Number of protein chains: 2
Amino acid sequence: MDTKIICLAVLSQGDATGYEIKGAFEEGPFSYFQDVSFGSIYPALTRALEDELVSVTNFPQAGRPGKKVYAITSKGRGALLDAFAKETPGDKVTCDFLFKALYSQLLGPTSTQTMIDRRVADLGANIDRLENCDHGTEEMGPREAFVSGFGLAIYRAMRAYILENGDKLVAADRKLDHAVSAAAAD
Amino acid sequence: MDTKIICLAVLSQGDATGYEIKGAFEEGPFSYFQDVSFGSIYPALTRALEDELVSVTNFPQAGRPGKKVYAITSKGRGALLDAFAKETPGDKVTCDFLFKALYSQLLGPTSTQTMIDRRVADLGANIDRLENCDHGTEEMGPREAFVSGFGLAIYRAMRAYILENGDKLVAADRKLDHAVSAAAAD
DNA sequence: TACCCATATATCGGCTCGATATATGCTCGG
DNA sequence: CCGAGCATATATCGAGCCGATATATGGGTA
């Protein structure tokens, strides 16, 4: 999703600084599907300001760099609604693990097994985080619960699949290893 | 995954042109988790050539632009192995649908329902494609089967979750709608 | 015949990420 | 009691990526 739209969406629920916009996604249950870097946010806010989609108020602070609190304008609200009305591109599971799996013969059976174990552990950590988040501190609305539950369901499905089929990947690499050894013995 | 590494990985299984490297991912069962654009491939191949990770052979063709067939070098093989040995960043489910779901009050119940229906249909199409691919034409090795099966499992989990919980999202938007109407009536 | 598609390479603008710079107060461990 | 590191807060830069566009032409289809 376009950084400009992310900013507008956050601002539609209340004024915020660039720092706070990043904070809305970098931790909490939503970091699994969306994150934004400062290198995107600040230029995006500047562009949005030029297009009059947002307005700024400066709050100089002693010592620290002054806060710049952004607010969405009615033009910005229109742009946000337009973007939401447009059709969304399909989902994408971006995952280096899958790419490596496709070429696991480069790793060999031992490293492949290590990679699988690491991925399962990683997914477990993510699942724990989302589960605890669920019972967590502040009240979670139905939308937040839906998105967080979605992540939980996907992560569980990933782990289950890897746990069930990972050995086939290792077996393929082991078979190739034997074939190479046999050829070398000739 | 770095485009340079994608190119090297494809070339490790045989010489290819830039056009063929793109073809390896843009269709077939692997497009769901990885794709590369020409705008990335050609510059990446040029850089790899400068770093002596690949070599080229030119095949001028009558009429058409000449094919440039790339081959991986031993230095390139080393770089590929290094990249595979490094730890991978965790998976990411990039999905505009989830972002919109988080802010579905901007859409209202009707549009939210439409969005959900469209997403379910879309996922169904993807599932069909992966299922048919599975029984498909050419022989699929265990690695290809693993990756393709992974996609199938994830898409099914997504669809199941949305089918089961989508109504909660719509209900939240409907409730808000009523509240707004009541406030307007005051 | 006209049009679009497949083959094939290449570049450009705009955008994104990750790293880095700047500036300061607060907290925690040694 | 002092320094390290972290939280707050903005901003910029280089490298790389995506999508669109340009170029060139043979083959198939309406």
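Lettering follows sequence order; numbering is per chain, from 1. Note that the structure is a prediction, hence the values are computed from the model and not measured.
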Exercise for review: Using a 4.0 Å heavy-atom cut-off across all strands, classify T46(B) as base, sugar-phosphate, or nothing.
Suggested key: nothing
**Study point:** Between dG19(D) (C1') and D35(B) (CG): distance, integer Å
**Key:** 12 Å
Revision key, fill the gap. Among the nucleotides dG16(D), dT16(C), dT11(C), whichever has the atom closest to the side chain of T3(A) is dT16(C)
Revision key, fill the gap. Closest non-hydrogen atoms of L123(B) and I162(B), given as atom of the first, atom of the second and distance, are CD1-CD1, 3.9 Å
Exercise for review: Look at K22(A) together with D35(A) and state whether they make a salt bridge at an N to O cut-off of under 4.0 Å.
Suggested key: no
Check your understanding: Can you check the L45(A) CG to dT10(D) P distance for me, whole Å?
Key -> 9 Å
**Study point:** Nucleotide dG19(D), atom C1' - distance to CZ of F38(B) in whole Å
**Key:** 12 Å
Practice item. Mind calculating the distance between NZ (K4(B)) and P (dA15(D)) to the nearest angstrom? Key: 13 Å
Check your understanding: Is there a side-chain contact between Y161(B) and E164(B), using heavy atoms and a 4.5 Å cut-off?
Key -> no
Review point. Once you round to the nearest 0.5 Å, how far does CZ of R47(B) lie from SG of C7(B)?
Key: 9.0 Å
Review point. For N58(A), which contact category applies under a 4.0 Å heavy-atom criterion: base, sugar-phosphate, or nothing?
Key: nothing
Check your understanding: Is Y42(B) near enough to dT9(C) that one of its side-chain N or O atoms lies under 4.0 angstrom from OP1 or OP2?
Key -> yes
Check your understanding: Whole-Å distance between dT16(C) P and D2(A) CG?
Key -> 5 Å
Exercise for review: Could you work out which one of dC18(D), dA8(C), dT12(D) sits closest to the side chain of P43(A)?
Suggested key: dT12(D)
**Study point:** Test item: T73(B) side-chain N/O and L53(B) main-chain N/O as donor-acceptor pair under 3.5 Å
**Key:** yes
Exercise for review: Look at the side chain of Y70(B) and decide which nucleotide, out of dA11(D), dA10(C), dC17(D), has an atom nearest to it.
Suggested key: dA10(C)
Point to revise | Selection: residues 5-23 of chain A, any non-hydrogen atom under 4.0 Å of DNA chain C | key: none
Point to revise | Gap between atoms CE and C1', on M1(A) and dC18(D) respectively (whole Å) | key: 17 Å
Review point. Between F146(A) and F97(B), how do the two ring planes meet: parallel, tilted or perpendicular, split at 30° and 60°?
Key: perpendicular
Review point. To the nearest angstrom, how far is K67(B) atom NZ from dT9(C) atom P?
Key: 8 Å
Check your understanding: Counting side-chain heavy atoms from C-beta on, which of dA10(C), dC17(D), dA9(D) comes nearest to S40(B)?
Key -> dC17(D)
Exercise for review: Would you mind reading off the distance between E26(B) atom CD and dA6(C) atom P, rounded to a whole angstrom?
Suggested key: 9 Å
Point to revise | Whether Y42(A) and F38(A) hold their rings parallel, tilted or perpendicular, with breakpoints at 30° and 60° | key: parallel
Exercise for review: Compare the minimum distances between each of dA10(C), dT10(D), dC18(D) and the side chain of S37(B), then state the nucleotide with the smallest one.
Suggested key: dC18(D)
Practice item. May I ask you to verify if any side-chain N or O of K68(A) is less than 4.0 angstrom from the OP1 or OP2 atom of dT10(D)? Key: no
